[in-house]
Amino acid sequence: MHWSDVVAQRLAERGKKHIVSTGITPSGEFHIGHLREILTGDMISKAAKKAGLDVEFVFIVDSADPLRKVYSFLDDSYSAYIGHQLKQIPPPNEFGMPDLERFSNGVSYADHFLEPFKEALTQIDVHPRFIDNFDSYANGEFAETARQACNNADKIREIIERVSGRQLADDWFPWNPIDSNGSIDGIRVNGWEDPLVHWTDSEGRLGTSDVTKGEGKLPWRVDWPAKWAWIGVTMEPFGKDHGAAGGSFDTGKEIVELFGVKAPLDLTYEWISLRGKGAMSSSSGNTIGPLEALSLVPPEILRYLVASTKPNKAIEFDTGMGLVNLADEFERTTARDFSLEMEKEGLSRRQIVAIEDAKTAVELSCISEKEEASLVTFRHLALLAQTKSKDEDVWESLGLSESVSQAMTDRLQRMRTWIQSKHFPDELRITILEQPDSDAIGLLDDQNMKVLPDLTASLRTCEWTVKEIQSAISSAASNNEIAPRSVYRALYLCIMGRERGPRLPTILVELDRDSILSLLDACIQAKKES
RNA sequence: GGGCCUGUAGCUCAGUCAGGUAGAGCGUCGGGCUUUUAACCCGAUGGUCGCGGGUUCGAACCCCGUCGGGCCCGCCA
């Protein structure tokens, strides 16, 4: 059974109505790691729906969280905003400086980072109900849980200290009010009169906040279970950082019972790292944004990456050859006839499970109902895009000149972006040698050498068109009674320094004949001398 | 200190939850395809399942131990 169906089955055992929740703090650039959170939630929701459950998928934007520190991409002037809520501070401009003009037009720091992520979600066909945490506090959604938390401050303190093994400060209180400057740092709560907290801020000023009006927020370890309670969350996937023993899930599942609610079903997932570069980290700049990823990778393949990997497995995101292999695998899997495979006699339980998993992974990956049959493989498109600069020539080569779908146009556009990026693997890059490659020359065998002079002569005189070049190659093969394969091998070794390669005549015709001929002559000469 | 994940073919991994004759893709090798989509088709190759115990008629799988790798435990998905 696919992992999403396993979760759906567990949900079915618990009841009929479910809310699957995910959430992210918009403190900086989103990256593809965040995509795993939301895709995991999306896929669980789809599986639950398939199982006949009444399920809603929500995405909580933790815009009430304070700015923790001046991140590397921010200007030092942001230090004035440390401790201020992300929805209440200005967005950075291109230099990392606070952009007060956009702020005055209603764009907050949180919005600045959230908007591109929302765009990426649309592209990968994820459509959750968005819940803005800051607004939820302001609208009084947290009123009940906040009061309960404050009335049970001692119990909550006991849970956190016992479960996490951490010693809380003497003045710890399950409500962080906002001081006279707008910060939740350095403020001391010194009284609680339901629903008001009395406080002293870092400058010694006294104040009062009403917890039912969102004048402040619950600290993270209380905020999370409070959200489960008021939203009615029954399932939440989260990163392994929250899943550690004594982590926020462990304390949350006890705290939430003070609100009279059962903890949601949990699922801890592993992180995504960049191949050879370690974990994603916005601060180190070691990151690929969702939109950048989508400019290279078709959305269904990004979905497939998450769908086909069990949540507890770490994903290494590879923007080079790994991407080609992934795309190839996706295309192969999509093309399989699963019902036919299932009819086969004598399948072991394992084989059946493998077929089911592959089938479900494809279903969860496809964006639209009618995913058009793949007209061209990822690899082939990579070749065409490199050898043909005009889109029309690509379509013609694929026999698509009549009507080209938007999906195909998008794919070609992505391919061109990828080819121009630093991520495109050398292995797929078509390179034409200028000088004979000595290693390649060494690989030329007797048959290759036998046919090369004849071939060179034909190429010197034939018309420089695809058809004539092709015919020159094949007649060189038949005249010398050797397989065409061998002739191609000779050409690849001489021109590209490899034993195999893409369809040659179409590439040759776009190159300068004289330089190719002199390259071939040089190769023959070099081989003879060796 | 507490905890999680991980170790299976040259490579990437599935299979471990529900024990029942070791799997896939890629690679490699051979053959086919009388003008190759780095294609396609057919065949072959390849593993003391990290190691040691235990339970069992039977263990890659369950239990105990051990070694190696990655990671989490203020905040981070």
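In what follows, every heavy atom counts, from backbone to side chain, and hydrogens, waters and symmetry copies are set aside. Chain naming here is simple, since letters A, B, ... match the order of the sequence lines and numbering starts at 1 in each.
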Give [X] one of three labels, base, sugar-phosphate or nothing, depending on what nucleic acid heavy atoms sit under 4.0 Å from its own.
X: A/Ile24; answer: sugar-phosphate
X: A/Arg68; answer: sugar-phosphate
X: A/Lys313; answer: sugar-phosphate

Please report, rounded to the nearest Å, how far the [atom2] atom of [N] is from the [atom1] atom of [X].
X: A/Asn312; N: B/C72; atom1: CG; atom2: P; answer: 17 Å
X: A/His242; N: B/G74; atom1: NE2; atom2: P; answer: 12 Å
X: A/Asp241; N: B/C5; atom1: CG; atom2: C1'; answer: 14 Å
X: A/Glu236; N: B/A77; atom1: CD; atom2: C1'; answer: 11 Å
X: A/Asn479; N: B/U34; atom1: CG; atom2: C1'; answer: 13 Å
X: A/Trp172; N: B/G74; atom1: CH2; atom2: C1'; answer: 14 Å
X: A/Trp224; N: B/A77; atom1: CH2; atom2: C1'; answer: 10 Å
X: A/Leu305; N: B/C13; atom1: CG; atom2: P; answer: 12 Å

Just compare [options] and give me whichever is closest to any side-chain atom of [X].
X: A/Gln470; options: B/U35, B/C75, B/C5; value: B/U35
X: A/Ile272; options: B/A77, B/C5, B/C72; value: B/A77
X: A/Lys310; options: B/U16, B/U6, B/C75; value: B/U16
X: A/Arg166; options: B/G74, B/A77, B/C5; value: B/G74
X: A/Thr25; options: B/C72, B/A77, B/U6; value: B/A77
X: A/His31; options: B/C76, B/U6, B/A77; value: B/A77

What interatomic distance, in whole Å, is found between [atom1] of [M] and the corresponding atom of [N]?
N: B/C41; M: B/G25; atom1: P; result: 11 Å
N: B/A60; M: B/G52; atom1: C1'; result: 16 Å
N: B/G50; M: B/G69; atom1: C1'; result: 11 Å
N: B/G20; M: B/U16; atom1: C1'; result: 14 Å
N: B/G23; M: B/C49; atom1: C1'; result: 12 Å
N: B/G3; M: B/C13; atom1: P; result: 27 Å
N: B/C71; M: B/G54; atom1: C1'; result: 30 Å
N: B/C4; M: B/G58; atom1: P; result: 30 Å

*Do the side-chain N or O atoms of A/Lys240 get closer than 4.0 angstrom to the phosphate oxygens (OP1, OP2) of B/G70?*
no
*Please indicate yes or no: is the ring centre of A/Tyr269 less than 5.5 Å from the centre of the six-membered base ring of B/A77, with the two planes inclined by under 30 degrees?*
no
_Can you tell me the base-pairing partner of B/U16? Count Watson-Crick or G-U wobble geometry only, both distances below 3.5 Å, and say none if there is no partner._
none
*Using purine N1 to pyrimidine N3 plus N6-O4 or O6-N4 for Watson-Crick, or N1-O2 and O6-N3 for G-U wobble, both under 3.5 Å, which nucleotide pairs with B/G25?*
B/C11
*Using heavy atoms to find the nearest nucleotide of RNA chain B for A/Val6 and A/Gly239 separately, return the residue whose nucleotide is more 5′.*
A/Val6
*Select from A/Arg10 and A/Ala314 the residue whose nearest nucleotide in RNA chain B is closer to the 5' end of that strand.*
A/Ala314
Carboxylate-amine/guanidinium contact [X] [Y], below 4.0 Å:
X: A/Asp357; Y: A/Lys310; result: no
X: A/Lys240; Y: A/Glu270; result: yes
X: A/Asp42; Y: A/Arg303; result: yes

_is_close_aromatic(A/Trp271, A/His31), centroid dist under 6.0 Å_ = no
_Counting the benzene-type ring for Trp, do A/Phe238 and A/Trp224 have ring centres under 6.0 Å apart?_
yes
*Roughly how far, to the nearest 0.5 Å, is the OG atom of A/Ser63 from the OH atom of A/Tyr137?*
10.0 Å
*Is A/Tyr109 reaching over with its side chain to a backbone N or O of A/Pro26, donor-acceptor style, under 3.5 angstrom?*
no
